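Note that this is a predicted model, so its numbers are computed, not measured. One is the number of the first residue; the rest follow in order along the sequence.
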Amino acid sequence: MYHTGLEAPQGVWWKPIHKSEKIWVTIAFAWCMVLFAMMPLWHLRGGQNPSGIRHRVDPNAYRARVQEFIAQYQVDSDRGIPVVAPPPGSDVYLQAQMWSWLPVLKLQEGAEYVLHLSSVDLNHGFSLFPLNVNFEVVPGYDYGLRVKPTQSGEFLILCNEFCGVGHHLMVGKVIVTPASAPAEGGAR
Ligand code: CUA
C-alpha cells in the first residue's frame, strides 16, 4: 500500500527511544555545542572569522574608487591587468567582476593594510591560493579586512562561487615582496 504523506506513517517512532539512540543523540548534541563554542574561540584566539568593516556601497562608486586607487599607485602591468603597489598602512581596493579580479596587488611582507573587497556585478568568492583564506564578495557591500601578509611570494586569487561561463577563468594575483627587499628606488 502507498503512503501519501498525508496519512500518519506506520511505525514505532512514538514508542520510547532505545538507550543506544539516546546516547548517540547526546554525543551528537555535545559535539554540536563544542563546535558552536569553537566559533567565538577561533575568532578570539586563532585569527579565524575576522571581524571586517562592512558598509553599503554603490557598485559604480566602488568601481570609481578602484580606478582612483589604480591611477594613484600603479607600478606595472601584468597581461593587461594593472599592478598596484600601495604604501604600507593604506587602504587597498580589489574589485570582483565577471570574470576577473582588478587590480594585481603588490604588498609588502609584514606591513598592514585594509583590504576592501566588493563586486560590481554578482556574487563571487575570494579564495587565496595556496593559503586557506575564503571570503564571499557581494555587490553593494564593501567588506574591509585588516590584513598583514606574513609570507612573501605570489598568491593566486581564485573565484570559488559559480558566476557564469568564465568562472574557472577568474584568477587574480597578489604579490607579496619580502620585508628584507630594498625599497623601490631606495639606496642599498
Ligand atoms: Cu567569479 Cu566565479
Side-chain angles (χ1 to χ4, degrees), residues 42-55 57 59 61-121 123-161 163 166-188:
W42 272 324
H43 170 72
L44 296 169
R45 300 294 303 271
Q48 286 219 25
N49 309 335
S51 32
I53 309 143
R54 247 154 297 181
H55 59 89
V57 68
Y62 192 80
R63 194 195 298 269
R65 186 65 189 89
V66 171
Q67 288 305 324
E68 192 186 316
F69 170 66
I70 292 169
Q72 206 171 359
Y73 301 119
Q74 180 168 4
V75 290
D76 202 355
S77 176
D78 183 350
R79 278 170 288 178
I81 308 274
V83 178
V84 176
S90 61
D91 283 60
V92 174
Y93 294 84
L94 188 67
Q95 172 187 314
Q97 183 175 16
M98 289 186 280
W99 291 284
S100 61
W101 298 94
L102 189 75
V104 170
L105 298 173
K106 199 171 192 178
L107 307 177
Q108 247 178 64
E109 186 189 350
E112 282 186 42
Y113 302 89
V114 176
L115 173 63
H116 294 264
L117 294 167
S118 192
S119 164
V120 295
D121 40 37
N123 283 23
H124 296 278
F126 173 96
S127 115
L128 196 61
F129 187 82
L131 306 177
N132 189 14
V133 176
N134 294 284
F135 287 99
E136 178 121 27
V137 185
V138 179
Y141 282 93
D142 177 341
Y143 191 45
L145 288 167
R146 287 176 223 285
V147 295
K148 189 180 185 178
T150 52
Q151 209 179 317
S152 62
E154 283 197 15
F155 303 90
L156 295 179
I157 305 167
L158 307 180
C159 182
N160 61 18
E161 181 96 32
C163 57
H167 163 67
H168 63 290
L169 300 172
M170 193 166 164
V171 181
K173 199 193 279 183
V174 177
I175 303 162
V176 179
T177 52
S180 54
E184 263 170 67
R188 270 173 218 235

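Shown here are the side chain to side chain contact (heavy atoms under 4.5 Å, CB included) partners of Val176, two or more places apart in sequence or in another chain: Glu109, Pro149, Ser152, Phe155, Val174. Contacts of Val133 classified as side chain to side chain contact (heavy atoms under 4.5 Å, CB included), with partners at least two apart in sequence or in another chain: Phe126, Leu128, Leu131, Phe135. In this view, Ser118 satisfies the side-chain hydrogen bond (donor to acceptor under 3.5 Å, both in side chains) rule with no residue, not counting sequence neighbours. Considering only residues two or more places apart in sequence or on other chains, His167 meets the ring-ring contact (aromatic ring centres under 6.0 Å, His included) condition with Phe162.
Two residues are said to be in side-chain contact when any heavy atoms from C-beta on lie closer than 4.5 Å; Ser127 and Ile157 fail this criterion. The shortest side-chain heavy-atom distance between Tyr62 and Asp142 falls under the 4.5 Å cut-off.
In plain terms, the two heavy atoms of Gly110 and Lys148 that are nearest each other are O-CE, 3.3 Å. Across all non-hydrogen atoms, the minimal contact from Pro139 to Asp121 is CG-O, 3.3 Å.
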Pairs under 3.5 angstrom only: tabulate donor-acceptor contacts from the side chains of residues 88-105 to other protein residues two or more places apart or in another chain.
{"residue": "Ser90", "atom": "OG", "partner": "Pro87", "partner atom": "O", "Å": "2.6"}
{"residue": "Asp91", "atom": "OD2", "partner": "His116", "partner atom": "NE2", "Å": "2.6"}
{"residue": "Tyr93", "atom": "OH", "partner": "Arg65", "partner atom": "NE", "Å": "3.4"}
{"residue": "Gln95", "atom": "NE2", "partner": "Gln97", "partner atom": "OE1", "Å": "3.0"}
{"residue": "Trp99", "atom": "NE1", "partner": "Cys163", "partner atom": "O", "Å": "2.9"}
{"residue": "Trp101", "atom": "NE1", "partner": "Met170", "partner atom": "O", "Å": "3.3"}

Result block: side-chain N/O donor-acceptor pairs under 3.5 angstrom for residues 68-79, not counting sequence neighbours:
{"residue": "Gln74", "atom": "NE2", "partner": "Asp76", "partner atom": "O", "Å": "3.0"}
{"residue": "Asp78", "atom": "OD2", "partner": "Lys173", "partner atom": "NZ", "Å": "2.8"}

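Between atom CZ of residue Arg54 and atom CG of residue Leu117 there is a gap of 11.5 Å, rounded to the nearest 0.5 Å. We find the CD1-CG distance between Ile175 and Leu107 to be 9.0 Å, quoted to the nearest 0.5 Å.
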